[in-house]
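Computed from a predicted model, the values in this text were never measured in an experiment. For the single chain, residues carry numbers from 1 onward in sequence order.
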Amino acid sequence: MKNIYRYFWALALVVVLSACEKEDIGLVEPSHRVIVTSEMDFQNRIQVLGKISFGDVSAGVESRIWTFPEGVVDILDSDNDVSSTEATVVTIFNQVGQFEVKLQQSFRDEAYVGNAIQGRELDTTIVVTVLDSIQAQVEAYYLNDDGSLGDALDLSGNTINEIPASKSVRFSYTGTGEPQTLNWNFEGGTPEFVSGGQLLVDVKYKFLGSYDFSLLASRKRPFGRDTVAIDELIKVIPSTDPVLVEQIKDKQGNIAVPFGREIDPATINASDFSVMIENGGNLIMPSIASVEIDPEEGNAVIISLANESIYNDDIIKVSFIEGTLYSLDGVAASSFVDEELVFTKVNLLKTSSTYDYGFENSTIDNWTYLEWGAPWDLYNWNISSTQAYEGSNSAYVELNPNGGMIVGHVDNNSESITFPVNKDKTYELGVWVFVEDLGNNPPMGLAPDIRLYWDPDTDWGIGGNPTLAATYPTNEWVYSS
């Protein structure tokens, strides 16, 4: 600010001295096009019946005329809702859609646009996107065992929808307004909470009882929100289906074995279980110290080993012989052999780095092309909130035929963003991918693939990354590492 004040003081001094000497100084104002809107930093997106202002702050303008789509706009403080010659125009759009606002300008001299001279007569088009207000609506269907949709649930709130334990329901968002975030709350379900942009969620109900449902749909800019809440939407009733094991996990150094529905704690017998550990070619058959119901999840049992610890580079397999173990609705748990434990891993990019692993806090300018040359520059992409595995955003990529994409994550100074690693430790690099359309792979070319590298000392023999061949799953999140 000191420099600005100093500049104006100098100008005032020159004017005073010139006046004393009775000399005229001709100050020529350059013609320069500068157009602004109140929502220019937000892609000119507004909600229906929301205000947006248009401003012509150009220098050297002799005349102007704004033209608005007929029957769509209310120009405030004006009887004419189609055109205006004012420098600033405040409007309300009363229809949903994309609309063009045009500005014709006549300048005194050849006018600059940026650093280039474009002429005296200039036309500008501004595209305004008018979103509907958010009105949250949901559909829900029973899921059949083969994954197909069954009957629709009654969401009126006047009916309790019964579902046998261990069965699933598919919820889908069908509302309006393009919400950025959907916060789902499935009381008694798995998952119980889902936050992000997921429009479709499959929920399994394992526990007997009646459960509420709610959904909050929201948008930051233009602001909007709406809620759906239904008390006692679902009642989980006893089932005659088999009680099957689900994915075995580690939990606080022990082995967590979840089943498809709640287990009767009185029927647990440790002798029905056995564990095998393999590491570096060595096999261990540890003794089991105890098997108890998980106090936090009534459908799981916790196996504690005697004089043996488990490590995340172990291969751990669990077996179970059907016997005395029953669900709370009176069905015996089914036998299984050599079900492998999958360790819960910590994403180091979340806990010890500024690396934007989920595209939540960066723009495409922070993910720069690495100049590998053709065909690795044949792509289009942006940061999108349409699909997200977690959080609100993901990277949306369109590959051109025979094209590819090589990018790296950099800060605003184009410096690589790093994360710490330690000597003599093994790390896993992984990525979640949601493919909408595989397109047509070149008949004689390579199918697109996603490769994960790190720098320095890149391992050019890296493998295990997804190759997007014709058999690759679509319309679902798939993990590869």
Side-chain angles (χ1 to χ4, degrees), residues 34-57 66 68-69 72-76 81 88-103 124-138 172-185 193-201 214-229 354 356-367 380-398 409 411-412 434 436:
V34 181
I35 303 167
V36 297
T37 77
S38 58
E39 301 299 317
M40 60 191 299
D41 292 335
F42 305 96
Q43 297 79 49
N44 292 318
R45 289 159 56 95
I46 63 172
Q47 182 168 292
V48 66
L49 301 182
K51 288 183 181 180
I52 180 171
S53 302
F54 301 86
D56 178 9
V57 293
W66 299 91
F68 297 89
V72 173
V73 175
D74 177 16
I75 300 178
L76 300 187
D81 290 328
T88 301
V89 185
V90 182
T91 66
I92 292 176
F93 281 70
N94 51 42
Q95 290 187 27
V96 174
Q98 279 197 335
F99 304 99
E100 292 185 348
V101 176
K102 298 183 181 295
L103 173 63
T124 303
T125 299
I126 300 171
V127 177
V128 177
T129 301
V130 184
L131 302 180
D132 202 348
S133 58
I134 292 180
Q135 299 178 33
Q137 295 178 355
V138 177
S172 59
Y173 181 80
T174 58
T176 63
E178 299 183 27
Q180 292 175 311
T181 303
L182 296 173
N183 290 324
W184 302 87
N185 184 351
F193 303 102
V194 175
S195 179
Q198 289 183 245
L199 301 176
L200 184 152
V201 185
S214 66
L215 168 68
L216 171 62
S218 61
R219 186 179 59 214
K220 291 182 180 179
R221 188 82 178 217
F223 176 78
R225 63 189 299 170
D226 194 23
T227 301
V228 175
T354 58
D356 192 11
Y357 63 92
F359 304 97
E360 296 296 304
N361 303 304
S362 59
T363 68
I364 56 174
D365 293 332
N366 298 118
W367 294 86
N380 295 298
W381 85 309
N382 55 58
I383 305 299
S384 170
S385 60
T386 302
Q387 288 280 0
Y389 176 73
E390 62 178 48
S392 300
N393 296 332
S394 63
Y396 182 80
V397 180
E398 293 178 342
H409 191 16
D411 61 21
N412 293 330
F434 187 103
E436 291 184 348

Check whether [X] reaches the backbone of [Y] with its side chain - one donor and one acceptor, N or O, closer than 3.5 Å.
X: D226; Y: A217; answer: no
X: E100; Y: P69; answer: no
X: E360; Y: S392; answer: yes
X: W184; Y: Q198; answer: yes
X: N94; Y: V72; answer: yes
X: N393; Y: F359; answer: yes
X: S133; Y: G177; answer: no

Just verifying a value: how many Å separate [X] [atom1] and [Y] [atom2], rounded to the nearest 0.5 Å?
X: K51; Y: I92; atom1: NZ; atom2: CD1; answer: 6.0 Å
X: N382; Y: W367; atom1: CG; atom2: CH2; answer: 14.0 Å
X: T88; Y: D56; atom1: OG1; atom2: CG; answer: 8.5 Å
X: I383; Y: N366; atom1: CD1; atom2: CG; answer: 8.5 Å
X: N183; Y: L215; atom1: CG; atom2: CG; answer: 8.0 Å
X: S38; Y: I52; atom1: OG; atom2: CD1; answer: 5.0 Å

The test is side-chain contact (heavy atoms from CB on, under 4.5 Å); show your working for F93 and Q95 and say whether it passes. CA-CA 6 Å; F93 281 70; Q95 290 187 27; over 6 Å; no
Worked check of side-chain contact (heavy atoms from CB on, under 4.5 Å) between F42 and K220: CA-CA 11 Å; F42 305 96; K220 291 182 180 179; over 6 Å; no
For [X] versus [Y], what's the shortest heavy-atom pair and its separation?
X: M40; Y: I35; result: CE-O, 4.3 Å
X: G391; Y: A388; result: O-CB, 3.7 Å
X: T91; Y: V73; result: CB-CG1, 3.6 Å
X: Q387; Y: S394; result: O-OG, 2.6 Å
X: I75; Y: D81; result: N-OD1, 2.9 Å
X: R219; Y: E178; result: CD-O, 3.6 Å

Find out whether [X] and [Y] are in side-chain contact, i.e. whether some heavy atom of one side chain is under 4.5 Å from a heavy atom of the other.
X: L216; Y: R225; answer: yes
X: L103; Y: I126; answer: no
X: R45; Y: L131; answer: yes
X: V127; Y: N44; answer: no

Starting from the C-alpha separation in whole Å, work towards a yes-or-no answer on side-chain contact (heavy atoms from CB on, under 4.5 Å) for V228 and Q137. CA-CA 7 Å; V228 175; Q137 295 178 355; 5.9 Å; no
Just do the side-chain contact (heavy atoms from CB on, under 4.5 Å) check on L76 and D74 with the steps written out, would you? CA-CA 6 Å; L76 300 187; D74 177 16; 3.8 Å; yes
Result of checking T354, D411, D356 against S362 for side-chain hydrogen bond (donor to acceptor under 3.5 Å, both in side chains):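 It is D356; the other options fail the test.
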